[in-house]
Amino acid sequence: MSVAVSPDRRTLAIDLQGSIWTLPAGGGDAKRMTDVFNDARQPAWSPDGRWIAFFGYRDGGYDIWAVAPDGTGQHQLTWGPFDDREPAWSHDGTRIAFSSDRGDPLGSDYNIWMLDVRSGALRQLTKDPSDDYMPAWSPDDREIAFASTRESGRGVWAVNVADGAEHGLRDALDELDLNERHAALLFGTKLP
């Protein structure tokens, strides 16, 4: 189950039982936004709060979709026999980053892709044979950070949206020193 908070912080979008639902952040009744046939997952609010992007399964693959918060206007944003997942809106609301296996004809690795919401144009940003997934935009929308199975198998990388240059941000195993201070941070214990 995934939860996303609306930009005005008043509404939650959740995926539950294969559908996207909204409910007031302060509590109340949930309303189904998508039908039961989407297998809808990972809602993501547009910055202006007008759309909720998600990935849903229809026609043989997961695609990126969007729906208005009142349940109207559901429409497909990507197509094909690919596995498009994990939509993330740019802060200016003009693009959606997502992970997909569409770059490899065998569909064996995931890369980060970008969708121009206005034109529908798609652009592959990463091309490494490892799996790249869970994209997140930098505050200035110039880079997209993502998890990757490169090198040690668990790390965080970033790609420059303009030129495609990639660089490692953090290896998940770097400098893991379980001294008392690190143990306190990792496990929430108090230092003596």
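Position 1 is the first residue of the sequence; numbering continues from there.
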Kindly give the heavy-atom pair with the smallest separation between Leu169 and Ala145, and that separation in Å. CD1-CB, 4.1 Å
Shortest non-hydrogen contact between Pro43 and Ile52, atoms and distance: CB-CG2, 3.6 Å
Rounded to the nearest 0.5 Å, the OG atom of Ser148 sits from the CD atom of Glu166 at a distance of 8.0 Å
Give the C-alpha distance, both sets of side-chain angles, the deciding distance and a yes or no for side-chain contact (heavy atoms from CB on, under 4.5 Å) between Gln17 and Val36. CA-CA 8 Å; Gln17 299 178 337; Val36 296; over 6 Å; no
Do His167 and Asn160 have side chains that approach each other closer than 4.5 Å (heavy atoms only, starting at C-beta)? no
What residues, two or more places apart in sequence or in another chain, satisfy side chain to side chain contact (heavy atoms under 4.5 Å, CB included) together with Thr11? Ser6, Thr22, Trp45
Between Asp83 and Tyr110, does a side-chain contact (heavy atoms from CB on, under 4.5 Å) hold up when you go through it step by step? CA-CA 9 Å; Asp83 196 13; Tyr110 285 82; 2.2 Å; yes
Go through it in stages, so that I can follow the logic: the residues are Glu143 and Val161, the test is side-chain contact (heavy atoms from CB on, under 4.5 Å), and I'd like the CA-CA distance, side-chain angles, deciding distance and then a yes or no. CA-CA 5 Å; Glu143 289 192 318; Val161 174; 5.6 Å; no
Considering all heavy atoms, the nearest Gly18-Arg41 contact: N-NH1, 3.6 Å
Does the side chain of Phe146 come within less than 4.5 Å of Val159's, by heavy atoms? yes
Looking only at non-hydrogen atoms, find the nearest pair between Pro135 and Ile144 and report the distance. CB-CG2, 3.6 Å
Under a single-linkage definition using a 4.5 Å side-chain heavy-atom cutoff for Ile, Leu, Val, Met, Phe, Trp and Tyr, are Leu16 and Val5 assigned to the same hydrophobic cluster? yes
In terms of side-chain geometry, is the basic nitrogen of Arg150 or Asp132 positioned less than 4.0 Å from the acidic oxygen of its partner? yes
Step through the shown structure and confirm whether more than 12 heavy atoms of other residues, nucleotides or ligands are within 6.0 Å of CZ on Arg50. no
Near-ring test Tyr62/Phe55, centroid separation under 6.0 angstrom: yes
Asn111 side chain near Leu125 side chain, heavy-atom distance below 4.5 Å: no
Under the side chain to side chain contact (heavy atoms under 4.5 Å, CB included) test, which residues partner Ala121, sequence neighbours left out? Asp116, Ser119
What do the steps show when you test Val117 against Ile96 for side-chain contact (heavy atoms from CB on, under 4.5 Å), and what is the final call? CA-CA 7 Å; Val117 177; Ile96 295 175; 3.8 Å; yes
In this structure, are over 12 heavy atoms from other groups packed under 6.0 Å from Arg32 atom CZ? yes
Do Asp29 and Lys31 sit within salt-bridge range, that is, some charged N less than 4.0 Å from a carboxylate O? no
Partner of Phe98 under side chain to side chain contact (heavy atoms under 4.5 Å, CB included), picked from Asp63, Ile112, Leu122, is Leu122
Check for a donor-acceptor pair, side chain of Ser100 on one end and backbone N or O of Arg102 on the other, with a separation under 3.5 Å. yes
With the side chain counted from C-beta on, respond yes when Trp65 and Gln76 share a heavy-atom pair under 4.5 Å apart, and no when they do not. yes
Test Asp70 against Thr72 for side chain to side chain donor-acceptor pair (under 3.5 Å), laying out the working first. CA-CA 6 Å; Asp70 65 0; Thr72 62; 2.6 Å; yes
Separation of Asn38 CG from Arg58 CZ (nearest 0.5 Å): 4.0 Å
Anything under 3.5 Å between a donor and an acceptor, one on a side chain of residues 86-93, the other on a protein residue two or more places apart or in another chain? List them.
from: Glu86; atom 1: OE1; to: Ser99; atom 2: OG; distance (Å): 2.6
from: Glu86; atom 1: OE1; to: Met134; atom 2: N; distance (Å): 2.7
from: Trp89; atom 1: NE1; to: Ala44; atom 2: O; distance (Å): 2.9
from: Ser90; atom 1: OG; to: Asp92; atom 2: OD1; distance (Å): 2.6
from: Ser90; atom 1: OG; to: Gly93; atom 2: N; distance (Å): 3.4
from: Ser90; atom 1: OG; to: Thr94; atom 2: N; distance (Å): 3.3
from: Ser90; atom 1: OG; to: Arg95; atom 2: N; distance (Å): 3.1
from: Ser90; atom 1: OG; to: Arg95; atom 2: O; distance (Å): 3.3
from: His91; atom 1: ND1; to: Ser138; atom 2: O; distance (Å): 3.2
from: His91; atom 1: ND1; to: Asp141; atom 2: OD1; distance (Å): 2.8
from: Asp92; atom 1: OD1; to: Thr94; atom 2: N; distance (Å): 3.0
from: Asp92; atom 1: OD1; to: Thr94; atom 2: OG1; distance (Å): 2.8
from: Asp92; atom 1: OD2; to: Thr94; atom 2: OG1; distance (Å): 3.3

His75 vs Trp51 aromatic rings, parallel, tilted or perpendicular, using cut-offs 30° and 60°? perpendicular
With hydrophobic residues grouped by side-chain heavy-atom distances under 4.5 Å, do Trp21 and Met33 end up in a single group? no
Search all heavy atoms of Leu23 against all heavy atoms of Ala30 and return the closest pair with its distance. CB-CA, 3.9 Å
Atom CG in Asp84, atom CH2 in Trp113: separation rounded to 0.5 Å? 8.5 Å
Minimal non-hydrogen separation, Leu115 against Leu77, with atom names: CD2-CB, 3.7 Å
Roughly how far, to the nearest 0.5 Å, is CD1 of Ile14 from CD of Gln42? 14.0 Å
With rounding to the nearest 0.5 Å, note down the distance linking CD1 in Ile20 to CG in Asp35. 11.0 Å
Given Lys127 and Asp109, is the salt bridge (charged side-chain N to carboxylate O under 4.0 Å, His left out) satisfied, shown in steps? CA-CA 9 Å; Lys127 295 180 173 84; Asp109 65 320; over 6 Å; no
